[in-house]
Amino acid sequence: MNLYKDYDGGLGQSQIKLSDLRGKVVLINFWASWCIPCREEAPELEAAYRQYQDRGVVFLGVDWLDNEADAINYLKSFDITYANGPDIGTKIGPKYRISGVPETYIVDREGKIQFYKISPVKQAELAAVFERLLK
């Protein structure tokens, strides 16, 4: 996965490669500003990020089928501080076979998907997965 043009500068890079994050636990969340369930989970994701950012967990938000201005407003309105960028040309979504948004994946340190959900996630369920994978 190559995430381009990080909206918020979260990782200070213009391109983020999942392969460069090997050795870390990575959460990938597909979302869109027009998605009502995404709005429900946004505070939960940000809370989980703030809880685990210092423990080696990387969060990547992938904005799907959206426009940049709406996406940036969405990120600001929910005070999202982890790295987010657009799925330019919808090239990332098909690699994960997403069917809509929100969809969340958690990848372990070896690069294997250990969690997948096609609906809003809660901070507590993410914490349970992170605790298991960080042992």
Does the pair Glu131/Lys135 count as a salt bridge with the N-to-O cut at 4.0 Å?
-> no
Trace of the side chain to side chain contact (heavy atoms under 4.5 Å, CB included) decision for Leu21 with Leu60 | CA-CA 11 Å; Leu21 299 174; Leu60 300 174; 4.0 Å; yes
Decide yes or no for [X] and [Y]: does some side-chain heavy atom of the first lie under 4.5 Å from some side-chain heavy atom of the second?
| X | Y | value |
| --- | --- | --- |
| Leu45 | Leu126 | yes |
| Cys35 | Trp64 | no |
| Val129 | Glu125 | no |
| Val121 | Leu27 | no |
| Phe59 | Gln53 | no |

So which of Asp63, Thr104, Asn84 actually passes side-chain hydrogen bond (donor to acceptor under 3.5 Å, both in side chains) with Trp31?
-> Asn84
To the nearest 0.5 Å, what is the distance between [atom1] on [X] and [atom2] on [Y]?
| X | Y | atom1 | atom2 | result |
| --- | --- | --- | --- | --- |
| Asp79 | Glu46 | CG | CD | 6.0 Å |
| Asp108 | Leu134 | CG | CG | 10.5 Å |
| Ile113 | Ile28 | CD1 | CD1 | 7.0 Å |
| Tyr82 | Arg50 | OH | CZ | 10.5 Å |
| Phe130 | Ile106 | CZ | CD1 | 4.0 Å |
| Ile36 | Cys38 | CD1 | SG | 9.0 Å |

[X] versus [Y], closest heavy-atom pair with distance:
| X | Y | result |
| --- | --- | --- |
| Pro94 | Thr90 | CD-O, 2.9 Å |
| Ile80 | Ala42 | CD1-O, 3.8 Å |
| Pro37 | Pro102 | CB-CD, 3.7 Å |
| Glu40 | Pro120 | OE1-CG, 4.0 Å |

Within the side chain of [X], is there an N or O that forms a donor-acceptor pair under 3.5 Å with the backbone of [Y]?
| X | Y | answer |
| --- | --- | --- |
| Asp87 | Gly93 | yes |
| Arg109 | Arg22 | no |
| Tyr105 | Tyr96 | yes |
| Trp34 | Leu65 | yes |
| Gln123 | Glu44 | no |

Under the ring pair (Phe, Tyr, Trp, His ring centres under 6.0 Å) rule, collect the residues that match up with Phe115, sequence neighbours excluded.
-> none
Do other residues, nucleotides or ligands put more than 12 heavy atoms under 6.0 Å from the NZ atom of Lys117?
-> yes
